K.L.:
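What follows is a structure written as structure tokens; I'll ask about it next.
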Amino acid sequence: VTAAELSQRVIEEFLPGLPWKDAQLERIDVTETILLPKGKTEWIFNCHPGTDYAKPFYLNINFSVNGEVAKRAFVRTVLSLREQVAVALTELKPAQSIREEDIRWESQRLLSTLQTPIKSSGFFRGRRPRMAIPPGRVLTENLFITVPLVKRGDSVLLVFESGGMRVTTQAKALAMGFRGQRIQVMNP
């Protein structure tokens, strides 16, 4: 197996299986000649679950010949991953709700795949910055916390619908609640 063939197979078979639309192979280091016995070959690509694909990593390739693994190779691989991401236009403060005017969308090279960049403005609903975020920073999910919509003791509107009937009453929240979550309430 030549380095050129290995690169081509990585581009055609491994990259399309990655979750990023713009994934390019920058470099692959083949440190040894890969010799395989004759027969029907199959290449199986694997990576450790904690792999950061935006940094150099080792790609595990199992070469199966006639249904049995004949050779394993670990090749140092460097990818370029680009994604349309949210970037802070202004300083975002912890108590602040994020508005469309506070961010811009741009295609950027990912610095890490272990921190998920925000790809949709819908992500910001019900969330606030965990800390102050400077302008120009790529916004990742770990920079935000979910804000409860209801706090324990809040007055809430309880609505029960069944068929053509609708009953509405005031209730008191017995727990903190987030968007989409069920909580216990008390009907005073």
Side-chain angles (χ1 to χ4, degrees), residues 1-89 92 98 103-147 178-181:
V1 177
T2 66
E5 183 182 6
L6 188 63
S7 294
Q8 192 61 36
R9 294 285 288 266
V10 167
I11 291 167
E12 292 173 356
E13 297 175 26
F14 176 69
L15 294 184
L18 295 177
W20 304 279
K21 292 176 185 161
D22 188 359
Q24 305 288 320
L25 177 64
E26 280 193 1
R27 201 170 100 216
I28 194 158
D29 297 335
V30 181
T31 56
E32 60 184 45
T33 303
I34 300 170
L35 298 173
L36 299 174
K38 289 189 178 207
K40 183 180 177 201
T41 62
E42 181 183 2
W43 297 26
I44 301 157
F45 300 97
N46 292 305
C47 286
H48 184 273
T51 299
D52 189 345
Y53 294 94
K55 302 198 180 336
F57 64 96
Y58 283 90
L59 178 60
N60 176 14
I61 307 170
N62 291 331
F63 298 94
S64 178
V65 179
N66 298 328
E68 292 187 31
V69 176
K71 179 110 175 136
R72 288 188 168 92
F74 294 90
V75 291
R76 188 172 183 274
T77 307
V78 180
L79 303 179
S80 169
L81 304 170
R82 296 187 72 78
E83 191 83 29
Q84 191 79 7
V85 295
V87 177
L89 271 177
L92 305 177
I98 307 302
I103 59 171
R104 72 174 180 269
W105 296 94
E106 61 183 56
S107 177
Q108 281 205 3
R109 183 175 178 155
L110 298 181
L111 300 177
S112 173
T113 59
L114 300 180
Q115 296 177 347
T116 308
I118 296 167
K119 302 173 200 159
S120 161
S121 57
F123 173 85
F124 298 112
R125 260 182 278 137
R127 292 191 173 91
R128 297 235 163 83
R130 186 180 299 276
M131 62 191 140
I133 301 171
R137 175 136 186 211
V138 172
L139 302 178
T140 55
E141 291 180 2
N142 65 315
L143 295 174
F144 292 85
I145 57 172
T146 304
V147 179
F178 298 91
R179 180 181 298 276
Q181 181 183 20

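It should be emphasised that the depicted structure is a prediction, and the values quoted were computed from it without experimental measurement.
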K.L.:
Heavy-atom count check: over 12 atoms from other residues, nucleotides or ligands less than 6.0 Å from Y58 OH?
P.N.:
no
K.L.:
Using the salt bridge (charged side-chain N to carboxylate O under 4.0 Å, His left out) rule, collect all pairs that involve residues 107-134, keeping only residues at least two apart or in two chains.
P.N.:
E26-R109
K.L.:
Short question: side chain of T77, backbone of V75 - any donor-acceptor pair under 3.5 Å?
P.N.:
yes
K.L.:
Name all residues meeting the ring pair (Phe, Tyr, Trp, His ring centres under 6.0 Å) criterion together with F123; count only those two or more places apart in sequence or in a different chain, and write none if there are none.
P.N.:
F144
K.L.:
Do you know the tightest heavy-atom contact between L81 and A54?
P.N.:
CD1-N, 4.0 Å
K.L.:
Who are the side-chain hydrogen bond (donor to acceptor under 3.5 Å, both in side chains) partners of T146, not counting sequence neighbours?
P.N.:
none
K.L.:
Among residues two or more places apart or on two chains, list those pairs meeting ring pair (Phe, Tyr, Trp, His ring centres under 6.0 Å) that have a residue in residues 67-89.
P.N.:
none
K.L.:
Report the distance from atom CG of L139 to atom OG1 of T116, rounding to the nearest 0.5 Å.
P.N.:
13.0 Å
K.L.:
Tell me which pairs pass salt bridge (charged side-chain N to carboxylate O under 4.0 Å, His left out) where either residue lies in residues 66-82, with sequence neighbours left out.
P.N.:
D29-R76, E32-K71
K.L.:
Distance from I133 atom CD1 to I98 atom CD1, nearest 0.5 Å?
P.N.:
6.5 Å
K.L.:
Within a strict 4.5 Å, meaning less than it, do heavy atoms of the L79 and L25 side chains meet?
P.N.:
yes
K.L.:
Over all heavy atoms of both residues, which pair between L143 and M131 is shortest? Give the atoms and the distance, please.
P.N.:
CD2-CE, 3.4 Å
K.L.:
If you compare all heavy atoms of T113 against all heavy atoms of Y53, which two are closest, and at what distance to 0.1 Å?
P.N.:
OG1-N, 2.9 Å
K.L.:
Are more than 12 heavy atoms, taken from residues, nucleotides or ligands other than L114, located less than 6.0 Å from that residue's CG atom?
P.N.:
yes
K.L.:
If the condition is side-chain hydrogen bond (donor to acceptor under 3.5 Å, both in side chains), which residues does Q24 pass it with, not counting sequence neighbours?
P.N.:
D22
K.L.:
Show me, pair by pair, the donor-acceptor contacts under 3.5 angstrom made by side chains of residues 11-21, not counting sequence neighbours?
P.N.:
{"residue": "E12", "atom": "OE2", "partner": "Q8", "partner atom": "NE2", "Å": "2.7"}
{"residue": "E13", "atom": "OE2", "partner": "R9", "partner atom": "NE", "Å": "2.5"}
{"residue": "E13", "atom": "OE2", "partner": "R9", "partner atom": "NH2", "Å": "3.4"}

K.L.:
Taking all atoms of both residues into account, what is the closest heavy-atom pair of F124 and A86, and its distance?
P.N.:
CZ-CB, 4.3 Å
K.L.:
Taking side-chain hydrogen bond (donor to acceptor under 3.5 Å, both in side chains) as the test, write out the residues that go with R137, two or more places apart.
P.N.:
none
K.L.:
Go through the structure and list residues passing salt bridge (charged side-chain N to carboxylate O under 4.0 Å, His left out) with E106, not counting sequence neighbours.
P.N.:
R104
K.L.:
Pairs of donor and acceptor atoms involving the side chains of residues 34-47, under 3.5 Å and at least two apart or interchain, shall be tabulated with distances.
P.N.:
none

K.L.:
Can you list the steps and then say if V138 with L110 is a side-chain contact (heavy atoms from CB on, under 4.5 Å)?
P.N.:
CA-CA 9 Å; V138 172; L110 298 181; 5.9 Å; no
